[in-house]
Amino acid sequence: MTTNADTRRRKLGGDTEKQDPSEDHNGVGGSFPGCDRVCADAVDGHNESCSQQSSSFTPKHPQRKCSLDDEICDENPCKTTISAENEVEAQKLANNYKFGFRKWKSHVTERPFEDRSDVVKELYSELNVIKPISAGSLFTAGNILYVFLFGWWISLVYVIVGLLMFLTVIGIPYAKLCWRLSCYFLWPFGKAIEKINLSVPTYSVMLFEDGYLEEEENGKTSPLLLPTPVEDPIEETTGSPQDDRYWCHVSTYVWLLVGYPFLALTHFLVCLISWLLVFTIPVAKMSAKTVHSILFTSPEYIHISQATEVQEQEREVILCCYHAVNLYYYKYTVDGINVFAVNLLPLVIVSLVIGYVDQTNQFASSEVKFATAVSSIIPLSYYIGMGIASISAQSNFAVGAVVNATFGSITELTFYITALLRGHHQKNTCLQEMVKAALTGTLLGCILFIPGICMIIGGIKHSEQRFNSRSAGVSSSLLFISIGGVFAPTLFSKAYGNLVCEDCTNSTGTNSTGSFTCRHCHYDLSENNYSLFHSHIEPLVYTVCVLLPVSYIIGLIFTLKTHSHIYDIQVGDGTGKFVKSSGHLGASVHWSRWRSLLILIIATVLMSACADLTTEHIQPILNYSSISQYFIGVTILAMVPEIPEIVNGIQFALQNKISLSFEVGRCIAVQVCMIQIPLLVLFNVFYDVGFVLLFSDLHLWASIFSILLVNYIFMDGKSDYFQGTALVGVYLILLAMYFFAPSPPGC
């Protein structure tokens, strides 16, 4: 015992003082072995190794002194240092580590182009830069795919238009241009389209006091022995003589009437298809530049040559493309919104049009309307998430907490309330069961699937990832409390409810003697059992729905005020000063607060309309589908709105910020239990839609087993792909149970 005590004394004494804080110990930075080493870098979106400042800090609250018998001093969390371009971006990153704030990966401010990586710069290229590249590197699978998808028929259209222009005789110059462009668009890679600048001699005249002139031609001055000139210059005409002469030819108007419309329609179709495919966006850029620039230039000024033969001093490069496919275009954003969300936005309009205009299903079936309405929720959820992050990053803590608590649950609440209202009006209890299945499916997905898939993807890239088990324990405790509170009325009903069975028969044929075989046995949890429900269960439900939001508020106070050192986030270099990773002083936000609020309101209204269409056209699927209604609720209705959150969690895991990946799912699960369910009960109080906070046995035991499993896995503060596989495997097993489960009552 003495030897062990001395050993611990040496570890807690001199060894710690002599330790280099910048040294890495078992993958954990600094002198605190149990801390979560997270460095958030907002410059290029890549995780950097923790520097010395990430582990050395002065805690806001005095640490307790470790006794000699303590194996581990567990109150030594490390300070997470955030490096960002500006204060707004730093505030957004800091909000990611706060309890009650939804985690957001995308930037809310415009990033300086010169500070971005070469890969990202290539995504936003204007396709007019000459690069030193060999001809052999142009024969890629993407370029060959371009020839089969676009090149051959674009070239064919140009040949046809060229023939039309040739028949007009007066448009022969444009016919030659079409034939040259047909060869170009068949294989445009490594070629450059240039605009020749035909130089026109310019003269400037300077008037001297004695009337003599000095003539300057093309910058060459003829020296004359004359006095100093008077400052009375003659103004030169500005403008391009090419543009002036372009509209003076009759062939231009023939071209605009005969040839240009066909080519513009062709390039519009190419641009639309290639933009929707995302990875072929370079083809869309190429088509767009052709329509608004090349086709409006006189043929004599267009020159096509190999990129290696371009003479930059005499010609202006309009278009030069090397690759038709770039796999990194999944990072491409438009006004801060990911390109996939932008491409799905027109689906919202389509779903609303076919849903409310085609009431009799003449042009689209109920299955198509349901699919489009559910898919429309994905981009709307993304826009709502962007709006929440933008407002929170530009506001104080109180405003950010309110916005996250309200709009953070608006996606799910709109569907739940719409489904309950429709089920109440149609006297259809099946929709109420679908709401409960969706609530349970959201919990299971956030507890098992989101952390599991993030652990798998992050573990494949980083082998083993560490996180702050203390901060994770706080969220897990709140989640455990919320799960217990939500299912407490159900457990109470199981303990004191009456077992009711239907279709009871016996082998003797009599109804009084013998053994009975019964089917469809369940506890009487309905309002018909007045003494149990109204006297005991209903007051318990109201009590739980009051305690859960109070617990949520206490969790906010604990993690953000009294014990904020658990999530010790520092924006600076240890001195309290803001650290800018670049020299940019101002922050140009994508969305201002008022614009974000307007987008949130519009997206909420559209979300309500899409939720209404979803609940309207889900009934035929529930009636005729061979799949259990439980399975549809816990998968499609529960997880589709959370797709943007799943993407955020995966991106955090790839950047070695696995703690944020876990918080993505836990934050949603806690909000479901502590905010969404109490609000549904409150809504039912003011407008009785028959919603009762009693779940089936399958929902109950699946949720309890999931929370126990995830708390056990998170105990050691480490994660790898094997643990993630275990979580995803359990999630798939539970989905299989729902798939083969019989239909819920009322369906």
Side-chain angles (χ1 to χ4, degrees), residues 40-47 84-85 88-89 92-93 95-96 102-113 116-117 119-125 271-285 325-350 374-393 407-408 411 450 453-454 457 588-591 595-596 599-600 602-603 606-607 610 639-655 657 660-661 664 668:
D41 179 29
V43 180
D44 287 322
H46 300 290
N47 188 34
E85 299 99 336
V88 176
E89 200 63 41
K92 188 222 52 173
L93 293 175
N95 289 340
N96 285 339
R102 286 212 168 186
K103 321 308 171 188
W104 192 252
K105 175 63 179 62
S106 301
H107 278 63
V108 297
T109 59
E110 295 181 3
R111 305 174 65 185
F113 186 77
R116 310 187 76 171
S117 63
V119 173
V120 177
K121 289 180 180 178
E122 178 66 23
L123 303 181
Y124 298 92
S125 172
C271 188
L272 179 62
I273 297 174
S274 57
W275 181 271
L276 293 178
L277 294 177
V278 176
F279 301 107
T280 56
I281 286 181
V283 180
K285 291 182 178 181
V325 177
N326 190 336
L327 298 180
Y328 286 97
Y329 264 99
Y330 70 91
K331 297 182 177 181
Y332 194 77
T333 60
V334 180
D335 198 19
I337 299 297
N338 187 270
V339 63
F340 287 102
V342 175
N343 288 348
L344 288 175
L345 196 58
L347 190 62
V348 178
I349 308 300
V350 173
V374 170
S375 301
S376 300
I377 297 177
I378 300 175
L380 293 176
S381 301
Y382 195 96
Y383 274 83
I384 290 175
M386 181 68 175
I388 294 173
S390 298
I391 294 178
S392 301
F407 286 100
T411 302
I450 294 181
I453 195 67
C454 293
I457 297 178
S588 178
V589 295
H590 291 296
W591 297 357
R595 181 184 178 187
S596 301
I599 291 176
L600 280 176
I602 295 175
L606 295 176
M607 182 73 71
C610 292
M639 296 308 294
V640 168
E642 311 303 337
I643 288 179
E645 305 294 339
I646 297 174
V647 174
N648 285 330
I650 292 175
Q651 289 178 332
F652 285 132
L654 290 174
Q655 294 185 355
K657 303 173 187 176
L660 291 182
S661 300
V664 167
I668 301 173

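One-based numbering along the sequence shown. Reckoned from all heavy atoms, side chains included, excluding hydrogens, waters and symmetry mates.
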Go through the steps for Trp104 and Tyr382 under the test ring-ring contact (aromatic ring centres under 6.0 Å, His included), then give the verdict. CA-CA 10 Å; Trp104 192 252; Tyr382 195 96; 5.0 Å; yes

Would Ser381 and Glu642 count as a side-chain contact (heavy atoms from CB on, under 4.5 Å) if you check the C-alpha gap in whole Å, the side-chain angles of each, and the deciding distance to 0.1 Å? CA-CA 8 Å; Ser381 301; Glu642 311 303 337; over 6 Å; no

Apply side-chain contact (heavy atoms from CB on, under 4.5 Å) to the pair Tyr329 and Val339, showing each step before the final yes or no. CA-CA 8 Å; Tyr329 264 99; Val339 63; 5.9 Å; no

_Test side-chain contact (heavy atoms from CB on, under 4.5 Å) on Leu276 and Asn343; report intermediate values, then the result._
CA-CA 6 Å; Leu276 293 178; Asn343 288 348; 4.1 Å; yes

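Contact of the Trp591 side chain with the Asp335 side chain is registered, since non-hydrogen atoms from C-beta on lie closer than 4.5 Å. Taking 4.5 Å as the limit, some side-chain heavy atom of Cys610 sits within range of a side-chain heavy atom of Leu380. Taking 4.5 Å as the limit, some side-chain heavy atom of Leu600 sits within range of a side-chain heavy atom of Ile384. Between Val647 and Lys105 there is no side-chain heavy-atom pair separated by less than 4.5 Å. For the pair Lys103 and Asn648, the minimum side-chain heavy-atom distance is 4.5 Å or more. With a 4.5 Å cut-off on side-chain heavy atoms, Tyr383 and Leu345 count as touching.
Panel note: side chain Ser661, backbone Ala653; a donor-acceptor pair is recorded below 3.5 Å. In this structure, the side chain of Lys92 engages the main chain of Ser106 through a donor-acceptor pair within 3.5 Å. Between the Lys285 side chain and the Ser125 main chain, a donor and an acceptor come within less than 3.5 Å of each other.
Nearest heavy atoms, Leu277 versus Thr280: CB-OG1, 3.4 Å. The heavy-atom pair separating Cys271 from Ser274 by the smallest distance is O-OG, 3.2 Å. Here the closest heavy-atom approach between residue Tyr330 and residue Asn338 is recorded as O-ND2, 2.8 Å. Nearest approach of Ile391 to Ser596, heavy atoms of both residues: CG1-CB, 3.5 Å. Shortest non-hydrogen contact noted between Val108 and Met386 is CA-CE, 4.0 Å.
A distance of 12.5 Å separates CD1 in Ile388 from CD1 in Ile599, rounded to the nearest 0.5 Å. The distance from the CZ atom of Phe407 to the CE atom of Met607 is 12.0 Å, given to the nearest 0.5 Å. The CG atom of Asn326 sits 5.5 Å away from atom CG of Leu123, with the distance rounded to the nearest 0.5 Å. Taken to the nearest 0.5 Å, the CG atom of Leu344 stands 9.0 Å off from the CD1 atom of Ile643. Annotation: the span from Ile457 atom CD1 to Ile650 atom CD1 amounts to 4.0 Å, rounded to 0.5 Å.
Remark: Tyr124 engages Tyr332 in a ring pair (Phe, Tyr, Trp, His ring centres under 6.0 Å) (not counting sequence neighbours).
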